[in-house]
Trainee: 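Handing you this structure, nothing more for now.
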Amino acid sequence: MGILQNQTAESLRRIAALYERVKTVIPPMEWATFADDIDAILRLKEQRNAIILAHNYQTPEIFHGVADIRGDSLALAREAAKADADVIVLAGVHFMAETAKLLNPTSTVLIPDTKAGCSLADSITAEDVRLMRQRYPGVPVVTYVNTSAEVKAESDICCTSGNAKKIVESLGAPEVIMLPDEYLAQNIARETKVKIIAWKGHCEVHERFTVDDIALFRKQNPGVIVLAHPECPPEVALAADFSGSTAQMIGWVETRKPARVVLLTECSMSDNVAAQNPETEFIRPCQLCPHMKRITLKNIRHALETMTYEVTVPADITERARMAVERMIAVR
Ligand code: 13P
Ligand code: SF4
């Protein structure tokens, strides 16, 4: 056995307990290819006093192998605010790292790939928000966290898919501007008396699901329960059995324990939830988020080795952007 293989054998031995969590979704041969990076990341985290926040769309070797905190955008924002670490590595997309930095300005926040963006965040600029305010004077602006800090800074309050209805209603206004996800806005409008003025942004992953897909899943998999993210088009969310944030979908599976389920969302989530719920059969249509998939064990390791890439927020917008996120966190 060569030196490299000896190293991998040693890494595999040290991380053996972790494999128990993922053995139903990662074959042993594949796990062996991850072992050295996982082992190195676990040691680097200790050396740097670092934590890794991983979104539910991260691949299982990241999500179950190296993450300290896992969750939807809301959970990651709440946990970032509380984190007592010198370094926070965001295994997710850029807006999540910016939100972590806003809520925890004294920690160094790293993103392993600066190109990990989001089609929703790219759909709107701060100038667009100012123009919306001019067009609808006095109407409060609720901004989805899937936006840049510049856009948050122009907003009254943020929301996530997990709290959007509550946030919209917390303002006590007859109408609100809700940016930038048109489908999330339409899905919330169905559930509230508040009039919602939407923007035209879409998630490039969730906009692909159709009602015909749901009909096919039901036909091919009798009894299947369909859970949809509210970034899906309204007719898709309506045709599903339940619509909620990624964490709410996981909660639904864990409490209701369906025999068969299909999650209309990014495909790594099914792997992550399946690993923890072996009694449920997951039908897995694969819609990848190319931005989430930019994060890998290799670039997380590189981020911790080199302390790159640091995410900062320009000083002139920090306070206003932070206030919009903190107002959201304060709504219970
Ligand atoms: P959640 O807040 O539901 O995790 O959604 C984030 C996201 O990017 C969905 O596409
Ligand atoms: Fe953005 Fe959609 Fe990817 Fe989520 S899944 S990060 S909303 S592009």
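All ligand and atom numbering here is 1-based and tracks the order in the structure.
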Trainee: Provide the number and element of each atom of ligand 2 under 4.0 Å from a heavy atom of Ser119.
Mentor: 8 (S)
Trainee: Distance to 0.1 Å, residue and atom name: give those for the protein heavy atom nearest to atom 1 (Fe) of ligand 2.
Mentor: Cys118 SG, 2.4 Å
Trainee: Check ligand 1 against Ser73 and write out every atom of the ligand that is under 4.0 Å from a heavy-atom position of the residue.
Mentor: 1 (P), 2 (O), 4 (O), 5 (O), 6 (C)
Trainee: Considering the options Ile225, Val226, Val224, which one meets the side chain to side chain contact (heavy atoms under 4.5 Å, CB included) requirement together with Pro258?
Mentor: Ile225
Trainee: Atoms of ligand 2 less than 4.0 Å from Asn146 heavy atoms?
Mentor: 7 (S)
Trainee: Below the 3.5 angstrom mark, is there an N/O of His229, backbone or side chain, next to an N/O of ligand 1?
Mentor: yes
Trainee: Kindly determine whether Ile26 and Phe34 satisfy side-chain contact (heavy atoms from CB on, under 4.5 Å), including the steps that lead there.
Mentor: CA-CA 10 Å; Ile26 303 182; Phe34 299 138; 4.1 Å; yes
Trainee: Any N or O of Thr246 that comes nearer than 3.5 Å to an N or O of ligand 1?
Mentor: yes
Trainee: Begin with the C-alpha distance, continue with both residues' side-chain angles, and end with the deciding distance and a verdict on side-chain contact (heavy atoms from CB on, under 4.5 Å) for Val331 and Asn163.
Mentor: CA-CA 9 Å; Val331 175; Asn163 61 15; over 6 Å; no
Trainee: Against Val142, only a single residue in Leu171, Leu179, Asp156 fulfils side chain to side chain contact (heavy atoms under 4.5 Å, CB included); can you say which?
Mentor: Leu171
Trainee: If you count heavy atoms of other groups shown closer than 6.0 angstrom to CG of Asp316, is the number above 12?
Mentor: yes
Trainee: So for ligand 1, is Ser245 a polar contact partner (N or O within less than 3.5 Å, distance only)?
Mentor: no
Trainee: Indicate, as side chain, backbone, both or neither, the part of Glu266 found under 4.0 angstrom from ligand 2 when only non-hydrogen atoms are considered.
Mentor: neither
Trainee: Students often mix this up, so state it plainly: with edges at 30° and 60°, are the rings of Tyr19 and Trp31 parallel, tilted or perpendicular?
Mentor: tilted
Trainee: Hey, which of His55, Lys293, Arg284 is the one that makes side chain to side chain donor-acceptor pair (under 3.5 Å) with Ser268?
Mentor: Lys293
Trainee: Go through ligand 1 atom by atom and flag the ones less than 4.0 Å from a non-hydrogen atom of Asp72.
Mentor: 1 (P), 2 (O), 4 (O)
Trainee: Under 4.0 Å from a heavy atom of His55: give me the atoms of ligand 1 that qualify, with their elements.
Mentor: 1 (P), 4 (O), 5 (O), 6 (C)
Trainee: Quick one: does any side-chain atom of Asn299 pair with a main-chain N or O of Asp113 as donor and acceptor, under 3.5 Å?
Mentor: no
Trainee: At less than 2.8 Å, would any N/O/S atom of Cys289, backbone or side chain, sit next to atom 3 (Fe) of ligand 2?
Mentor: yes
Trainee: How does Asn146 reach ligand 1, if at all, at less than 4.0 Å between non-hydrogen atoms: by side chain, backbone, both, or neither?
Mentor: side chain
Trainee: Distance under 4.0 Å to a non-hydrogen atom of His206: what atoms of ligand 1 satisfy this?
Mentor: 10 (O)
Trainee: Take Glu61 and Thr59, measure what side chain to side chain donor-acceptor pair (under 3.5 Å) needs, and give me the verdict at the end.
Mentor: CA-CA 6 Å; Glu61 69 279 9; Thr59 48; 3.0 Å; yes
Trainee: Under a 4.0 angstrom heavy-atom cut-off, which atoms of ligand 2 come close to Leu120?
Mentor: 7 (S)
Trainee: For atom 10 (O) of ligand 1, which candidate among Glu231, Glu266, Gln248 holds the nearest heavy atom?
Mentor: Glu231
Trainee: Which atoms of ligand 1 sit under 4.0 Å from any heavy atom of Tyr57?
Mentor: 7 (C), 9 (C), 10 (O)
Trainee: Could you check whether Lys200 pairs with Glu182 (Lys NZ or Arg NE/NH1/NH2 to Asp/Glu carboxylate O, under 4.0 Å)?
Mentor: no
Trainee: Of Cys203, Ser73, Pro290, which has the heavy atom at the shortest distance from atom 2 (Fe) of ligand 2?
Mentor: Cys203
Trainee: When you measure from the heavy atoms of Ser161 to every atom of ligand 1, does any distance fall below 4.0 Å?
Mentor: yes
